[in-house]
Amino acid sequence: MTASSEDVLTARELYRFYRAGEEETLALRGVSLTVRRGETVAVVGPSGAGKSTLLACLAGLDEPSGGEVRVNGVRISHRPETERARLRAQHIGVLLQSRNLLAHLSLRDNVRLPQRTGGRRPAIPARKLLDQVGLGERAHALPRQLSGGELARAGLAVALANAPDVLLADEPTGELDGATERLVLTMLRERATQGCAVLIVTHSAEAVRIADRVIELDDGRATDPPATADRALRQETHDVIG
Ligand code: ADP
């Protein structure tokens with residue numbers, strides 16, 4: 001793999017073993033991938049294929065047993081947890097369905113929290129970010145006062161709090177109705193257009209359709225078809241399905 005300045009997120013030969021007693025699971029078996037600036041990549045695969053493990057390693061939430069993850073050329077893997085957390089706060093937005101909102105904080109404070117951890121002056125004030133996802137009027141609401149669609153948009157505002165270079169989303173539309181799903185996907189695409197590298201772990205056909213590229217994970221291994229052939233194939237499939 002040749003590195004280019006457009007390669008924002010790179011994973012090289014990622015391995016992740018889990019050991020429980022005598023039993024060993026190989027969740028990732030040498031996964032390499034690149035997501036470029038402005039690109040949206042969908043990661044698909046059956047349950048147990050290693051998708052969540054991959055996302056956690058890419059986000060620096062988990063440590064791969066082997067291989068490395070780099071963001072803008074800076075290695076994020078194989079560092080102490082505090083350093084990984086700092087790098088994550090500065091460069092990576094993580095969208096985990098509604099799980100990235102703290103229940104006792106208002107929406108505004110939920111967005112401000114990662115901005116403080118990031119240690120940089122926020123690129124966008126919390127209120128403006130909430131305006132951008134259509135929740136400006138709800139800045140003082142608590143998560144439990146929101147509808148499912150509002151929660152999804154609030155989660156996105158939190159993920160975008162530090163204007164990340166990389167946006168990682170784990171099943172961001174899994175529990176949403178069709179209209180909210182399209183809204184969230186449109187917002188993710190917009191981020192990519194603005195220069196972010198976006199990676200979405202998904203089962204959604206709609207998310208696969210809007211992606212520039214699809215990476216298939218199976219039993220801890222990735223297949224990454226060439227972008228152009230892949231796009232053409234999906235366009236054909238889309239045309240056939242209508
Ligand atoms: P997916 O997200 O594609 O469903 P996962 O990444 O959750 O797949 O899991 C991949 C494999 O790793 C599965 O066999 C799963 O049982 C195993 N696994 C995941 N997390 C752990 C863990 N904390 N301890 C042991 N095995 C795990």
Side-chain angles (χ1 to χ4, degrees), residues 9-35 39-71 75-85 87-88 91-101 148 151-152 155-156 158-159 164 166-176 180-181 184-185 188 197-225 230 234 237:
L9 176 68
T10 47
R12 199 173 50 80
E13 287 290 303
L14 289 188
Y15 285 83
R16 182 65 168 101
F17 310 118
Y18 291 113
R19 200 168 281 124
E22 291 294 292
E23 193 128 325
E24 193 174 73
T25 307
L26 289 157
L28 298 176
R29 305 170 187 239
V31 175
S32 298
L33 61 84
T34 299
V35 188
E39 193 177 35
T40 302
V41 170
V43 175
V44 300
S47 181
K51 302 183 297 297
S52 302
T53 304
L54 175 64
L55 190 121
C57 288
L58 294 177
L61 291 165
D62 189 16
E63 274 284 46
S65 316
E68 65 171 28
V69 177
R70 285 181 182 264
V71 177
R75 181 173 45 75
I76 187 168
S77 52
H78 309 294
R79 286 182 185 275
E81 166 58 31
T82 47
E83 283 184 32
R84 280 189 275 133
L87 287 168
R88 183 168 56 251
H91 299 288
I92 303 174
V94 186
L95 180 57
L96 305 167
Q97 293 189 2
S98 55
R99 283 169 280 148
N100 56 344
L101 296 171
L151 278 174
L156 187 57
V158 171
V166 176
L167 189 56
L168 303 172
D170 193 1
E171 285 286 353
T173 62
E175 295 162 4
L176 303 178
T180 313
E181 172 175 36
V184 168
L185 291 174
L188 291 174
V198 178
L199 181 139
I200 311 172
V201 167
T202 189
H203 285 111
S204 150
E206 189 65 17
V208 167
R209 198 180 63 75
I210 63 118
D212 299 307
R213 200 149 52 87
V214 179
I215 294 174
E216 286 182 32
L217 263 196
D218 193 12
D219 203 14
R221 292 193 181 87
T223 57
D224 183 359
D230 184 46
R234 273 181 301 112
T237 314

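One-based numbering, in listed order, for ligands and for the atoms of each. Only this structure's heavy atoms are used, side chains among them; waters, hydrogens and symmetry mates stay out. Please read all numbers here as calculations on a predicted model, not as lab measurements.
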State, with a plain yes or no, whether a side-chain heavy atom of [X] is found less than 4.5 Å away from one of [Y].
{"X": "Ile200", "Y": "Leu185", "answer": "yes"}
{"X": "Thr53", "Y": "Leu14", "answer": "no"}
{"X": "Ile215", "Y": "Val31", "answer": "no"}

For [X] versus [Y], what's the shortest heavy-atom pair and its separation?
{"X": "Gly50", "Y": "Leu28", "value": "O-CD2, 3.6 Å"}
{"X": "Arg84", "Y": "Ile76", "value": "CG-O, 3.1 Å"}
{"X": "Leu58", "Y": "Val69", "value": "O-CG1, 3.8 Å"}
{"X": "Gly67", "Y": "His78", "value": "O-NE2, 2.8 Å"}

[X]: numbered ligand 1 atoms lying under 4.0 Å from its heavy atoms:
{"X": "Pro46", "answer": "3 (O)"}
{"X": "Ala27", "answer": "10 (C), 11 (C), 12 (O)"}
{"X": "Lys51", "answer": "1 (P), 2 (O), 3 (O), 4 (O), 6 (O), 8 (O)"}

Worksheet item: With only distance considered, is Gly50 within less than 3.5 Å of ligand 1 through an N or O on each side?
Response: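 Checking ligand 1 against Gly50, an N or O pair does fall under 3.5 Å apart.
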Worksheet item: Hey, is ligand 1 close enough to Thr53 that some N/O pair sits below 3.5 Å?
Response: yes
Worksheet item: Does even one non-hydrogen atom of Ser47 get within less than 4.0 Å of ligand 1?
Response: yes
Worksheet entry | Contact bool for atom 4 (O) of ligand 1 (protein heavy atom, d < 4.0 Å) | yes
Worksheet item: Do any N or O atoms from the side chain of Ser204 and from the backbone of Glu206 form a donor-acceptor pair under 3.5 angstrom?
Response: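 A pair under 3.5 Å: yes.
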For [atom], find the nearest protein heavy atom and state the residue, atom name and distance (0.1 Å precision).
{"atom": "atom 7 (O) of ligand 1", "answer": "Ser52 CB, 3.9 Å"}
{"atom": "atom 13 (C) of ligand 1", "answer": "Gly48 O, 3.8 Å"}
{"atom": "atom 14 (O) of ligand 1", "answer": "Thr25 CG2, 3.6 Å"}
{"atom": "atom 19 (C) of ligand 1", "answer": "Tyr18 CE1, 3.4 Å"}

